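What you see is a predicted model, and the numbers here were worked out from it, not measured in a lab.
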Amino acid sequence: MAALTDPVDVGGVAVPNRLYRAPVLECAGTGEGAVDALIDELAPTAASGVGLVFQGASVVTAESGCAAPNMTRVHDPEFVAELERLTGTVHDRGGRIFVQLAQGGLRSLEAWHAGHRERNPEVEQLAVSRPPWQLRLLDRVGLVDFSPRVLSTDEVYDLAEQFGRAAGYAANAGYDGIHLSGANMGIVQQFCSPLYNRRDDEFGTGADEPPGSGGLRFLEAVHDAVREHAGDVPLVTKVPAETAAPSFVRRHLSFEDGVRLATRTAEAGYDAVVPVDVSTFWDMSVIRGKFPERAWSAAELQSGYAAAFGGPVRARAVRLLNRVQARGFDREPGWNADLCRAVRRRVDVPVLCEGGIRERATCERLLGDDASPAAADLVGMARPFYAEPRLGARLLAGEDALCASCNNCTVPQAAGEPGRCRTPSVVRERATLERAGAYERRDGSGHEGTVADEREGE
């Protein structure tokens, strides 16, 4: 049985403990100040003792592909080279950092964000196949607006090459590893999903093949491109099981399909896998928890919501849908645990588990105890770091996260706002803990510094 404080090896990279910050939006963009914004966001996490930091989804294409406002793009080698300041800062604080590479496909901004679409009317979404009828129906009633461009076989290989080039730029900038955004309805999941992938070329799934086979071949193509451009840098990917799909969706990846796909991905040469239970759509299955009443009601955010969703009436419709979905997706600590445990029995690479984890006891249980076999080799949290950027110090000392899973941090991101805790009781408690010195590291590593010190010496 492993403990949270034990070291672990991921693809040849020594990680000092088994706690990681899961990928979450930093809202840093790609322009002037982006590198400093990423340092401000991620350096406190590394300084607090978190062993592995994942920079959130960073888009490999020059156009389209961003699933939310202010995402970072990593297609430009000159910009990525500047991120050496970020990787150096994380390393100076004793951490390791991987970058998550992404492309949103049909989930890209221009499909759902009215303001962005008005500013970029010519931009198309990359599509694995023609959008499924459920999304075409939403398009017909005006809730989304698709301009899909179905990728040819050559263009699929080109896309894999773009992932590989971005990985090479990242490795040159000092990133310790690469993480593919293989779920949350991004284009990798769309290749894997029977709902989205109805291709008849080598990246489709034949009638006599198990679901997800076409997606596996895309993952293999990305793997080969990463190896060509970035050598033996550790390569990790999320792997979806679409168990949270609505009942009216018949074509989706089952639990068993997800286990099989994760197993085959590891056999294809990936150095670790992150199995996740997701939906076929972008919904509350990704951010399970309470309905974010405070965020939706904030007067200062209403104009941003209206701009994003195409007016106040449509914004209210999205709010209502959010409320309905929240009833079906309560937070369950470690909701991916069963899937992770099933995958871990079949692979010989590290399995990472995230999803609703807030308590130190849950971390230890997922790593294995007398009551149940281990579900994972590392455990991660995402939104709790919005509430407590230096959360690692308290977690590694045996305490629990403050995050209330209220989602007041996430919904405002649709309006272009940064991810931060907006729940007063949590913010007050963090301030109290800061004054009491609770965020100083207690492992004697010499990385205790204050929040104000994080960019010192750049």
Minimum side-chain heavy-atom gap Val249-Pro246 below 4.5 Å: yes

Among Pro211, Ser129, Ser213, Cys192, the one residue meeting side-chain contact (heavy atoms from CB on, under 4.5 Å) with Asn197: Ser129

Of Leu106, Leu151, Val156, the residue whose pairing with Ile187 passes side-chain contact (heavy atoms from CB on, under 4.5 Å): Leu151

Atom CD of Glu300 with >12 non-hydrogen neighbours under 6.0 angstrom: yes

Expected output: side-chain Ser58 to main-chain Gly56 donor-acceptor under 3.5 Å: yes

Tyr175 vs Leu83, side-chain contact (heavy atoms from CB on, under 4.5 Å): CA-CA, chis, key distance, verdict: CA-CA 9 Å; Tyr175 284 92; Leu83 291 168; 3.4 Å; yes

Phe385 vs Val24, side-chain contact (heavy atoms from CB on, under 4.5 Å): CA-CA, chis, key distance, verdict: CA-CA 9 Å; Phe385 286 98; Val24 66; 5.9 Å; no

Main-chain N/O of Gly12 paired to Asp9 side chain as donor or acceptor, under 3.5 Å: yes

Under 3.5 Å donor-acceptor, Ser108 side chain and Gly65 backbone: yes

Check: Ala57 main-chain N/O paired with Gln100 side-chain donor or acceptor under 3.5 Å: yes

Whether Asn17 side chain and Leu19 backbone form a donor-acceptor pair below 3.5 Å: yes

Evaluation steps, salt bridge (Lys or Arg N to Asp or Glu O under 4.0 Å), between Asp139 and Arg136: CA-CA 5 Å; Asp139 190 346; Arg136 298 200 305 272; over 6 Å; no

Interatomic distance, Ser64 atom OG to His116 atom NE2 [nearest 0.5 angstrom]: 7.0 Å

Spatial distance of atom CG (Asp36) from atom CZ (Arg85) [nearest 0.5 Å]: 4.5 Å

Inter-residue atom distance Thr45.OG1 - Glu388.CD, 0.5 Å rounding: 10.5 Å

Asn407 vs Arg383, side-chain hydrogen bond (donor to acceptor under 3.5 Å, both in side chains): CA-CA, chis, key distance, verdict: CA-CA 8 Å; Asn407 289 315; Arg383 286 172 291 165; 2.3 Å; yes

Flag, side chain of Gln125 to backbone of Ser147, donor-acceptor distance under 3.5 Å: yes

Residue pair Leu101 / Val74, side-chain heavy-atom distance below 4.5 Å: yes

4.5 Å side-chain heavy-atom contact, Thr243 and Ser254: no

CG-OG distance between Asp277 and Ser285, expressed to the nearest 0.5 angstrom: 9.0 Å

CA sep, side-chain torsions, deciding dist, call: Gln162, Thr61, side-chain hydrogen bond (donor to acceptor under 3.5 Å, both in side chains): CA-CA 7 Å; Gln162 288 176 294; Thr61 50; 5.7 Å; no

Cation-pi check, Arg314 onto Phe309 ring (under 6.0 Å, within 45° of axis): no

Nearest atoms (heavy-atom pairs only) where Val233 meets Gly177: CG2-CA, 3.5 Å

Criterion ring pair (Phe, Tyr, Trp, His ring centres under 6.0 Å) against His179, the qualifying member of Tyr270, Tyr20, Phe54: Phe54

From CD (Glu267) to CD (Glu220), nearest 0.5 Å: 10.0 Å

Under 3.5 Å donor-acceptor, Gln103 side chain and Gly105 backbone: yes

Close aromatic pair by centroid cut-off 6.0 Å: Phe203 and Tyr157: yes

Glu293 and Ser297 side chains, donor-acceptor separation under 3.5 Å: yes

Under 3.5 Å donor-acceptor, Arg358 side chain and Pro384 backbone: no

From CA spacing to verdict: side-chain contact (heavy atoms from CB on, under 4.5 Å), Trp335, Arg288: CA-CA 9 Å; Trp335 65 69; Arg288 305 183 191 198; 3.6 Å; yes

Heavy-atom closest contact (Ala173 atom, Val80 atom, distance): CB-O, 3.3 Å

Stepwise side-chain contact (heavy atoms from CB on, under 4.5 Å) test for Glu242 and Asp257: CA-CA 9 Å; Glu242 296 171 329; Asp257 294 331; over 6 Å; no

Thr237 side chain reached by Val274 side chain, heavy atoms, under 4.5 Å: no

Trace of the salt bridge (Lys or Arg N to Asp or Glu O under 4.0 Å) decision for Asp377 with Arg344: CA-CA 9 Å; Asp377 300 281; Arg344 192 172 183 273; 2.9 Å; yes

Leu180 side chain near Val236 side chain, heavy-atom distance below 4.5 Å: no

Derivation of the salt bridge (Lys or Arg N to Asp or Glu O under 4.0 Å) call for Asp338 and Arg341: CA-CA 5 Å; Asp338 289 344; Arg341 187 173 289 109; 3.5 Å; yes

Considering all heavy atoms, the nearest Pro418-Cys27 contact: CA-SG, 3.8 Å

Reference residue Arg149; test salt bridge (charged side-chain N to carboxylate O under 4.0 Å, His left out); the match among Glu122, Glu155, Glu63, Glu110: Glu155

pair Gln189-Arg107: side-chain heavy atoms closer than 4.5 Å: no

Beyond-backbone contact of Phe98 with Val10, side-chain heavy atoms, under 4.5 angstrom: yes

From OG1 (Thr280) to CD (Gln190), nearest 0.5 Å: 11.0 Å

Salt-bridge present (Arg227, Asp271; N to O < 4.0 Å): yes

Pair Glu228 + Arg165: basic N to acidic O under 4.0 Å: no

Check: Thr72 side chain, Gly29 main-chain N or O, donor-acceptor pair, under 3.5 Å: yes

Nearest heavy atoms of Ala266 and Val347, plus distance in Å: CB-CG1, 3.9 Å

Donor-acceptor contact below 3.5 Å, side chain Arg21 vs main chain Met381: no

Side-chain heavy atoms of His113 within contact of Pro69, under 4.5 Å: yes

Nearest atoms (heavy-atom pairs only) where Gly416 meets Asn70: O-ND2, 3.1 Å

Ring centre gap for Tyr305 and Trp296 strictly below 6.0 Å: yes

Shortest non-hydrogen contact between Ala14 and Arg96, atoms and distance: O-NE, 3.0 Å

Test: Glu209 and Arg217 ion pair at under 4.0 Å: yes

Glu41/Arg420 salt bridge by N-O under 4.0 Å criterion: no

